[in-house]
Amino acid sequence: MQTRKWWKEAVVYQVYPRSFNDSNGDGIGDIPGIIEKLDYLKELGIDVIWLSPVYDSPNDDNGYDISDYRNIMDEFGTMQDWEKLLAEMHQRGIKLVMDLVVNHTSDEHAWFVESKKSKANPYRDYYIWRPGKDGKEPNNWGSTFSGSAWQYDEATDEYFLHIFSKKQPDLNWENPTVRKEVYDMMKFWLDKGVDGFRMDVINFISKVEGLPDAPNPEGKRYASGSKYFMNGPRIHEFLQEMHREVLSKYDILTVGEMPGVRPPMAIDYTAEERNELNMVFTFEHVDVDSGPEGKWDLRPFDLIRLKEILTKWQDALHEKGWNSLYWNNHDQPRIVSRLGNDTKYRVKSAKMLGTLLHMMQGTPYIYQGEELGMTNVRFDSIDDYKDIEILNMYKEKIEQGKKHEDIMKSIYVKGRDNARTPMHWDDSENAGFTTGTPWIKVNPNYKEINAEQAIKDEKSVFHYYKNLIQLRKNNDIVVYGKYDLLLKDHPQVYAYTRTLEDEQLLVLANVSGEEQEIDIPSHIKPASEPEVFVTNDEKQPFNQKMTLQPWEARVYKYKV
Ligand code: NOJ
């Protein structure tokens with residue numbers, strides 16, 4: 001039996017505050033800027049905002065390096081601004097999910113400043129310190145942002161672990177005092193009225209004892225230690241403790257960002273009776289165009305593989321756990337550039353991709369600008385990029401003798417700054433994002449793609465997304481219906497049904513720029529005249545044989 005929950009029926013919108021809306025002309029988005037745009041989000045119809053970190057931070061990784069969990073970053077405003085944001089959201093019936101970044105802090109966090117001082121400092125054990133081994137790092141793990149995952153500290157002649165940048169030391173979750181500090185901080189925000197947490201790389205918090213060297217068959221300078229820090233031995237214990245101490249006391253939405261998680265494990269994380277989290281963000285589907293060397297190792301997109309992955313998740317979690325649904329966030333390139341066509345068929349393919357995702361089972365997440373069909377960006381100079389992951393990778397590859405053009409090619413396809421250019425509000429200078437100089441350049445196509453234009457145009461991606469959100473709200477089948485894949489081996493068409501009691505949806509999406517003829521399998525037998533539920537093209541009657549136009553999406557609803 002499936003339980004009904006508000007967070008299963010909700011649609012979430014992610015705001016990346018730095019790039020959303022600048023109210024004071026300093027070139028950086030801020031909290032008063034978000035307040036100005038709440039009516040726009042209300043109009044879109046979303047239920048929840050996930051707000052990327054707004055806490056005090058030196059911004060080595062744009063706020064994912066927190067120096068004070070209980071304060072707001074000056075660039076974004078004050079605690080009063082934040083309180084006003086929450087009140088204005090709640091007044092409009094929109095909930096607020098905050099980002100919880102507790103695998104690591106900033107090295108400028110007071111705990112780390114103390115921890116560094118001496119081996120005897122009471123905060124020493126808040127972080128993961130180890131002596132060197134044979135004059136080198138304690139193990140061979142590489143950092144996600146290039147180089148070693150260890151940083152040497154002269155004062156105490158030891159290294160600290162940082163899976164991300166060296167300004168993001170990992171917290172030591174083995175230490176019960178650290179866990180208690182985190183739980184108290186979570187309660188601080190929940191008691192202010194927040195409606196949930198998106199938990200940054202939360203499946204990294206338990207590390208394998210002894211922190212062993214990672215397998216390194218190719219003899220690389222640094223190897224991936226992920227099997228020793230992802231889904232570690234105490235992860236379920238920690239999450240269950242967090243649930244007992246904090247989460248269970250509030251009616252909230254929780255979503256754990258979890259690289260390297262597969263369905264059986266995702267059920268352990270999200271099954272209601274296990275008391276851990278509501279849902280997880282998987283990476284499997286967004287890694288579909290990556291090779292064995294990781295995200296920068298570009299591979300052609302394979303629809304059959306994508307279908308296999310998404311279907312595996314839909315099937316496995318049905319009635320056992322709960323899925324999140326996303327194409328985009330601040331770490332991923334823009335979906336219309338990635339799987340659609342961002343020139344001639346931009347609007348049509350953006351709508352098709354929206355349909356494909358929003359008709360699945362799970363809680364959908366929309367990333368700012370996705371509802372406008374915003375695209376990837378191509379800056380010629382590496383100096384126009386701001387993301388630490390891009391900059392470190394570029395430097396490392398140049399040092400290895402790789403060519404500028406080749407590196408840029410992978411940045412154009414996969415770089416995180418694709419998603420981080422300012423939101424396009426209108427066709428005025430800097431897309432109406434700021435009256436100052438934006439912290440990162442605006443995508444030059446803002447004159448054509450912007451919110452003002454999209455709101456005026458009934459056929460825009462914006463209005464289409466608005467409709468997708470309403471369809472979910474008004475039809476239980478979109479939320480609770482069972483998913484079944486059709487045409488599994490079709491290389492260009494993604495087709496599936498959703499079934500709830502005597503109703504069925506048939507979802508057809510042409511993920512290509514060519515016409516596709518399809519035969520609907522004979523077991524699909526509508527018992528009532530199929531009506532067009534939603535389409536990005538002309539309405540066509542249902543037939544066992546149908547032709548889909550380039551990038552067409554078509555959904556029928558009927559009785560079975
Ligand atoms: C995942 C976040 O989404 C990403 O932006 C960040 O760089 C890492 N975690 C480290 O916090």
Side-chain angles (χ1 to χ4, degrees), residues 12-20 29 49-67 69 73 97-109 112 127-128 141-147 149 151 160-171 173 182 197-205 207 224-226 229-231 254-261 277 279-284 286-287 294-296 324 326-334 365 367-368 370 385-393 411 414-421 439-440:
V12 184
Y13 185 94
Q14 184 191 352
V15 169
Y16 191 68
R18 211 173 181 73
S19 303
F20 193 62
I49 292 176
W50 150 25
L51 183 59
S52 278
V54 289
Y55 316 98
D56 255 351
S57 164
N59 284 309
D60 193 49
D61 187 20
N62 286 357
Y64 283 91
D65 48 319
I66 297 169
S67 50
Y69 287 111
M73 190 192 301
V97 163
M98 295 287 276
D99 221 305
L100 182 79
V101 188
V102 290
N103 173 67
H104 44 268
T105 68
S106 162
D107 66 340
E108 296 181 33
H109 193 290
F112 192 75
Y127 296 86
I128 303 173
W141 299 359
S143 148
T144 308
F145 293 156
S146 308
Q151 178 66 24
F160 65 86
L161 179 69
H162 61 90
I163 291 170
F164 294 91
S165 96
K166 59 176 187 247
K167 286 184 66 64
Q168 292 168 297
D170 280 54
L171 281 166
W173 273 71
V182 170
F197 290 111
R198 174 270 186 187
M199 305 184 183
D200 194 73
V201 290
I202 198 69
N203 63 329
F204 288 15
I205 57 178
K207 278 95 178 164
S224 167
S226 59
F229 61 73
M230 280 180 186
N231 313 305
T254 55
V255 51
E257 188 206 23
M258 296 204 177
V261 165
L277 302 177
M279 58 192 123
V280 303
F281 285 137
T282 159
F283 283 68
E284 220 184 342
V286 291
D287 286 338
K295 69 183 270 184
W296 305 113
S324 68
Y326 79 94
W327 287 136
N328 274 118
N329 59 42
H330 63 292
D331 295 330
Q332 298 294 331
R334 295 280 181 184
Y365 290 73
Y367 177 68
Q368 63 188 42
E370 181 182 339
Y385 286 90
K386 306 293 172 203
D387 173 24
I388 181 166
E389 182 186 44
I390 294 179
L391 299 176
N392 285 1
M393 180 279 283
I411 295 174
K414 288 289 185 64
R416 304 197 295 184
D417 281 341
N418 281 308
R420 298 178 180 187
T421 62
W439 70 275
I440 184 170

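One-based numbering along the sequence shown. Just so you know, these numbers come straight off a predicted model, no measurement behind them. Indexing begins at 1, ligand by ligand and atom by atom, following the structure's order.
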How far apart are the C-alpha atoms of His109 and Tyr69, what are their side-chain angles, what is the distance that settles it, and do they pass the ring-ring contact (aromatic ring centres under 6.0 Å, His included) test? CA-CA 9 Å; His109 193 290; Tyr69 287 111; 5.5 Å; yes

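- Side-chain N or O atoms of Asp56 include none that pairs as donor or acceptor with a backbone N or O of Ser67 at under 3.5 Å.
- Here the side chain of Asn103 pairs no donor or acceptor atom with the backbone of Asp200 at under 3.5 angstrom.
- Distance from atom 5 (O) of ligand 1 to its nearest protein heavy atom, with residue and atom name: Asp331 OD1, 2.8 Å.
- The environment of Lys386 atom NZ is dense: over 12 non-hydrogen atoms of other residues, nucleotides or ligands sit within 6.0 angstrom.
- Atoms of ligand 1 found under 4.0 Å from any heavy atom of Glu257, numbered from 1 in the order shown, are 1 (C), 3 (O), 9 (N).
- Looking at atom 7 (O) of ligand 1, its nearest protein heavy atom turns out to be Asp61 OD2, 2.5 Å.
- Tested against Val102 for a side chain to side chain contact (heavy atoms under 4.5 Å, CB included), the candidates Phe197, Phe204, Trp173 yield a single pass: Trp173.
- Nearest non-hydrogen protein atom to atom 1 (C) of ligand 1 is Asp200 OD1, 2.9 Å.
- For Arg420, the heavy-atom gap to ligand 1 drops under 4.0 angstrom.
- Shown in contact with Phe145 at under 4.0 Å from a heavy atom are these atoms of ligand 1, numbered in order with element: 7 (O).
- Protein heavy atom closest to atom 8 (C) of ligand 1, with residue, atom name and distance, is Phe164 CE2, 3.8 Å.
- Ligand-side atoms of ligand 1 in range of His104: 10 (C), 11 (O), range being under 4.0 angstrom from any heavy atom.
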